[in-house]
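Residue numbers start at 1 and run along the sequence shown.
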Amino acid sequence: AMAAAGAARARWDAHRAARLGIPPDQLVSFASRGGALHARLSRIAETLTALDERGDEARRFAADVRPRLADLAVAVRAAEQMPSTRRRHAFRAIGDELDRIEADLLTHLGVDT
């Protein structure tokens, strides 16, 4: 029974990690209420690091977006402490902003959206 429970938990953790786009060993880092948004912020930051190698325009874009990502990370942490209705509205607004940043990022990577 313990082995089955452990296997089920491992599958569930792998599923949650896949939904967030992170390796299962990083799941604990994104376990808060805003974990999905923190994971998105982290992945965008990693992509910006790779974008730095693509030329001056891409470097400028990355430099412009990094402070915005830091502000959004602070907003997620603040929203985690809000009552549920306000938190949902804040998370939705932050998610919409991340959608815009991701669309711009894809454009800089040469992917049509």
Side-chain angles (χ1 to χ4, degrees):
M2 291 297 288
R9 178 60 188 214
R11 280 195 307 266
W12 175 247
D13 287 348
H15 171 72
R16 286 180 43 216
R19 285 184 56 212
L20 293 174
I22 58 172
D25 62 328
Q26 290 183 359
L27 190 59
V28 71
S29 299
F30 303 105
S32 65
R33 289 181 172 149
L37 292 172
H38 284 298
R40 285 180 72 186
L41 287 162
S42 174
R43 298 299 292 175
I44 292 170
E46 289 174 14
T47 305
L48 289 177
T49 301
L51 194 63
D52 280 336
E53 301 169 4
R54 289 188 162 234
D56 290 338
E57 184 180 337
R59 253 189 303 266
R60 276 193 299 277
F61 170 76
D64 290 343
V65 171
R66 280 192 180 96
R68 185 68 185 138
L69 290 181
D71 291 344
L72 290 172
V74 169
V76 171
R77 284 192 297 278
E80 289 173 339
Q81 305 304 316
M82 293 178 181
S84 61
T85 304
R86 289 182 61 203
R87 182 177 56 245
R88 280 193 299 272
H89 289 295
F91 281 176
R92 190 174 305 120
I94 294 165
D96 291 345
E97 181 68 20
L98 288 175
D99 290 343
R100 286 188 287 278
I101 291 171
E102 287 170 339
D104 291 342
L105 181 60
L106 289 173
T107 300
H108 277 75
L109 291 171
V111 178
D112 293 329
T113 55

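- In this structure the side chain of L69 reaches within 4.5 angstrom of the side chain of I44, judged on heavy atoms.
- The two residues A90 and M82 come nearest to each other via the heavy atoms CB-SD, 4.1 Å.
- Interatomic distance, L105 CG to L98 CG, rounded to the nearest 0.5 Å: 11.0 Å.
- Annotation: the span from L72 atom CG to H38 atom NE2 amounts to 11.0 Å, rounded to 0.5 Å.
- Classification of R92 and D96 as a salt-bridged pair fails, no side-chain N sitting under 4.0 Å from a carboxylate O.
- Comment: R40 engages D99 in a salt bridge, judged by a side-chain N to carboxylate O separation of less than 4.0 angstrom.
- By the 4.0 Å N-to-carboxylate-O rule, E46 lies close enough to R43 to be salt-bridged with it.
- Across all non-hydrogen atoms, the minimal contact from G34 to F91 is CA-CZ, 3.6 Å.
- Heavy atoms only, all atoms of each residue included: R33 and E80 are closest at NH1-O, 3.6 Å.
- L109 and L48 fall within a single hydrophobic cluster, where Ile, Leu, Val, Met, Phe, Trp and Tyr are joined by side-chain heavy atoms under 4.5 Å apart, directly or via other members.
- We find that R66 and D52 are joined by a salt bridge, their nearest charged nitrogen and carboxylate oxygen being less than 4.0 Å apart.
- Taking CD1 from I101 and CD1 from I94, the interatomic distance works out to 11.0 Å, rounded to the nearest 0.5 Å.
- Taking CG of L51 as the start and CZ of R60 as the end, the distance is 11.5 Å to the nearest 0.5 Å.
- The neighbour count for R59 CZ, taken as heavy atoms of other residues, nucleotides or ligands under 6.0 Å away, is above 12.
- To the nearest 0.5 Å, atom CZ of residue R16 and atom CZ of residue R11 are 15.0 Å apart.
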